[in-house]
Amino acid sequence: MCSPVPYNSTMKVTFLLYGFCLFSANALDSKDAVITISSQSNNYHYLLAENLKNDILKQARDFDQVVPIVHVSHIDFPHVGGWAILPLIPYLRKLHHGNCSWFFFMEDKTRIRLKKLIEVLGKYDYNKEIWLGHAIQDREATIIHHFAFFEDPSAFKYPNAASGFAISAALMERLENRWKARKPSTSDFSIDYAHELALFIWDNNKGPTLKHDPSFCVNEESSCASFPVPFKLCYTSVPKSSIYFAVKTYEKFHKDRVTVVKNTWGKHAEFINFFSNVEDKSVPTISVGVPNTEQGHCEKTLAILKHVGEDLRKFPSIKWIVLADDDTILSVTRIQELLSCYDNNSLIAIGERYGYNIYNKNGYNYITGGGGIVFTSALLRQLISSKICKCPTISSPDDMFLGVCLNRLKVDITHSSLFHQARPMDYAPEYLENQPVVSFHKHWMIDPVSIYIKWFADADASIRSLQHSEL
Ligand SMILES: *[C@@H]1O[C@H](CO)[C@@H](O)[C@H](O)[C@H]1NC(C)=O
Ligand SMILES: *[C@@H]1O[C@H](CO)[C@@H](O)[C@H](O)[C@H]1NC(C)=O
């Protein structure tokens, strides 16, 4: 039996209810696996995780009366870097005393068939250092993986995290030891946790590589033990009149990048403004009165948000602000759909989460700017009126600074994997499959108009025809 070492009071309750993790001599059953759902404090995501947990417990009761331990990560382990998994390992090991056979990790969009999952895990020896998942590979060296393995990026396998993955008890023990012994680093960026975890486990060939098992699926099929489900609209799409797009640009890009925005997704936006260092009537742009900086743009971005704040007074229908770069490629319709799941009166910021130094005390999460950042109008008002959100320097990185600022305002950012800081070819195809992607970023060695047409044009056009036929 695992001895209960509660992490906090919530944990204690969980433990009394389901705190057993016995080794069965032969076949595994559900209580041999500890399941951790990567969850978020935002209401919509919290609900997804809670429903998922209840579903797993129900499945367990339906087939063998024993319930597995299911952790909802942001409640059970409120660690700023919990989403990156590694910081959870010592807590999980402490709670379960190295005495459970398997640790299974999943996202709030992952679904599992518990009985099948237990069968699959039972085929492998948890006393060996192994981990299992749906293995994916990069097709080319990519910035989101720090251009790792640039000679042959496809040689390295990492899990499609939304398919779920399992780590054996033996491997967890090794990982805990290495994690505790690691040298603290002070400038760590966390981007794609699945890849970063795989690198840590692989440990320059001293540790195991991911073992691919086809029961961990990318698409739902009857043979799957786990698979991701695509995003579902929550009620109806939010109206276009409730979204304000603020595009950050600079005089050098008014001709090319801004033209692309205007010819693609910009056409579908009801409120859109281009903010630049100079006024250019041909776009038109609004000058924010802040000189351009090579990198950073902290002052410029805050000036944009202040200007938007003024506009909000004139247009009370606006509930959402999307801050985008002039080389962000996105779908207005997909954003309208996505936002149907979020409360427009709460303090919310949504986008692709990156982490800075999240393994240390002073770390924080932020939303990476290139993929677009969505704020509720309520949060934007707080941001611009708050005294604690002043740029350290004019050229501090704006998206990181917004992360610091939200952290000070005690607002958790909300991660959505539908936003992307990089180009489609920077992600493994499986990662993008079957999901209504919201954005990509950068006009580097690609034709942005083709990317828009391939990924977003149909979505943006279909809602239009829908609206026309409704009239
Ligand atoms: C694991 O469980 C077994 C059987 O209940 C027990 O004998 C052993 O001491 C436990 N090991 C740890 C590390 O808790
Ligand atoms: C804002 O949210 C409320 C409550 O969910 C909803 O009734 C309303 O239609 C939303 N407003 C907009 C503009 O989406």
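What you are looking at is a predicted structure, and each value in this text was computed from that prediction instead of being measured. Both ligands and their constituent atoms are indexed starting at 1 by order of listing.
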For atom 1 (C) of ligand 2, the closest protein heavy atom turns out to be N344 ND2, 1.5 Å
Protein heavy-atom contact under 4.0 Å for atom 5 (O) of ligand 2?
no
Under 4.0 angstrom from atom 9 (O) of ligand 2, is there any protein heavy atom?
no
Contact region, P239 to ligand 2, non-hydrogen atoms below 4.0 Å, reads side chain
Ring centre gap for H45 and Y342 strictly below 6.0 Å: yes
is_close_aromatic(Y366, Y356), centroid dist under 6.0 Å = no
Next on the checklist: Can you classify the ring geometry of F104 versus F216 as parallel (below 30°), tilted (30 to 60°) or perpendicular (above 60°)?
Outcome noted: parallel
**OP:** Name the orientation class of the two ring planes belonging to Y431 and Y427 (parallel below 30°, tilted from 30 to 60°, perpendicular beyond 60°).
**Re:** parallel
For S242, the atoms of ligand 2 under 4.0 Å from one of its heavy atoms are 13 (C)
If we number the atoms of ligand 2 from 1 as shown, the ones under 4.0 Å from a heavy atom of K319 are 13 (C)
Query - Expected output: side-chain T328 to main-chain G370 donor-acceptor under 3.5 Å - result: yes
